[in-house]
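Below you'll find the structure, written out as structure tokens, and then a few comments.
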Amino acid sequence: MLSYEDRLPHCTNPVAKKLLTLMISKESNLCVNPDLTTCEEVLTIADKVGPSICVLKTHVDIINDFTPDFIKELQQLANKHQFLIFEDRKFADIGNTVKLQYEHGIYHIADWAHITNAHTLPGPGVIEGLKSVGLSKGNALLLLAQMSSKDNLFTHDYIHRTIKMAEQHKDFVIGFIAQQRLSDAPHFIYFTPGIKLQSGNDALGQQYNTPEHAIIKNDVDIIIVGRGIFEAENPEKEAEIYRQAGWNAYQKKLELIGPT
Ligand code: S5P
């Protein structure tokens with residue numbers, strides 16, 4: 001693993017460059033997802049955790065009272081606190097359909113999400129469809145290469161072929177949702193969900209590892225934390241605890257590896 005600074009020159013996509021730059025300047029490899037169902041709840045958490053994060057991950061389709069103003073307010077918070085917005089849409093259809101879903105409908109995801117993600121199950125057309133809309137807007141894509149949930153169907157072959165597809169579109173695909181680093185390519189950024197300060201499970205198949213396990217043992221870049229932060233008594237304080245845990249783990253990892 002190279003440091004974030006050493007990875008920067010390898011990235012061609014502007015979102016990847018911006019992300020690594022933010023991670024360095026904010027000393028944060030923390031992405032928070034306030035999976036809450038009203039605009040006010042999501043915006044309140046975003047404002048509280050904003051100083052501690054490099055990315056805010058949304059599920060815009062779970063918000064009951066969505067209006068386009070929500071996006072404007074989220075963008076204001078992203079400017080105020082300097083974080084990127086990642087809509088966790090998990091596109092998974094033929095190219096032409098994902099293109100329409102990304103650009104149109106109620107949410108117009110392509111107009112505001114710096115990052116979105118896709119399953120590769122349909123084949124490379126899913127990437128081509130999203131790229132035909134997102135690349136010229138300066139957006140980026142993550143591919144789901146592994147999941148955190150119990151008994152998932154991600155096989156070794158599926159993961160390998162997903163990495164190959166990413167390599168063929170590295171101007172748009174900036175990395176993966178995964179549980180571990182899967183290749184040495186320095187331009188791919190690894191985002192890992194299923195993170196809590198204590199490992200364990202929820203009642204619906206989610207499996208949690210600690211920030212140290214993800215960053216030191218599994219060599220990933222960004223930890224994604226939801227309930228561990230937004231369900232805490234003081235989400236602002238808790239986000240700082242996770243930011244420090246993630247950043248300290250990264251520093252420790254660099255020490256273990258030694259000078260590059
Ligand atoms: O493999 C995955 C991929 C994703 S993007 N496992 C996940 O849990 N996620 C997302 O990460 C999930 O949709 C949710 O928004 C978040 C985890 O939330 P938490 O509350 O379990 O930390």
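Throughout, numbering of the chain's residues begins at 1 and tracks the sequence. Given the structure is predicted, the values throughout are model-derived calculations rather than measurements. Order of listing sets the numbers, starting from 1, for every ligand and every atom in it.
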Per-atom filter on ligand 1: closer than 4.0 angstrom to a heavy atom of R227 are 19 (P), 20 (O), 21 (O), 22 (O)

Does E5 have more than 12 heavy atoms from other residues, nucleotides or ligands lying within 6.0 Å of its CD? yes

ask   = Does Q179 have a heavy atom less than 4.0 Å from any atom of ligand 1?
value = no

shortest atom 13 (O) of ligand 1-to-protein heavy-atom contact is with H59 NE2, 3.0 Å

With distance as the sole test, does D88 use its side chain to make a donor-acceptor pair with the main-chain N or O of K57 at under 3.5 Å? no

Just checking, any donor-acceptor pair under 3.5 angstrom between side chains of S3 and D6? yes

Closest heavy-atom approach to atom 3 (C) of ligand 1 among G226, G194, P193 is made by P193

Under 4.0 Å from one or more heavy atoms of D35, ligand 1 contributes atoms 14 (C), 15 (O)

Q. Is there a salt bridge (charged side-chain N to carboxylate O under 4.0 Å, His left out) between E240 and R243 once you walk through the steps?
A. CA-CA 5 Å; E240 249 317 279; R243 185 197 65 78; 2.9 Å; yes

One finds that the ligand 1 atoms under 4.0 Å from a non-hydrogen atom of Q206 are 7 (C), 8 (O), 17 (C), 21 (O)

Taking only non-hydrogen atoms of I177 and a 4.0 Å limit, the atoms of ligand 1 in range are 3 (C)

Atoms of ligand 1 under 4.0 Å from any heavy atom of M147, numbered from 1 in the order shown, are 1 (O), 2 (C), 3 (C)

- Donor-acceptor contact below 3.5 Å, side chain K170 vs main chain T12: no

| Can any side-chain N or O of N29 pair as donor or acceptor with the backbone N or O of M23 at less than 3.5 Å? | no

- request: Answer yes or no: is there a donor N or O on one side and an acceptor on the other, between the side chain of N209 and the main chain of S199, under 3.5 Å?
  value: no

Quick note on ligand 1: atoms under 4.0 Å from a heavy atom of K90 include exactly 4 (C), 5 (S), 13 (O)

heavy-atom search around atom 16 (C) of ligand 1 in the protein gives N33 ND2, 3.3 Å

Counting from 1 in the order shown, the ligand 1 atoms closer than 4.0 Å to a non-hydrogen atom of Y208 are 19 (P), 20 (O), 21 (O), 22 (O)

Is there a donor-acceptor contact under 3.5 Å from the side chain of T192 to the main chain of A178?
yes

N/O of S148 under 3.5 Å from N/O of ligand 1, yes or no?
-> yes

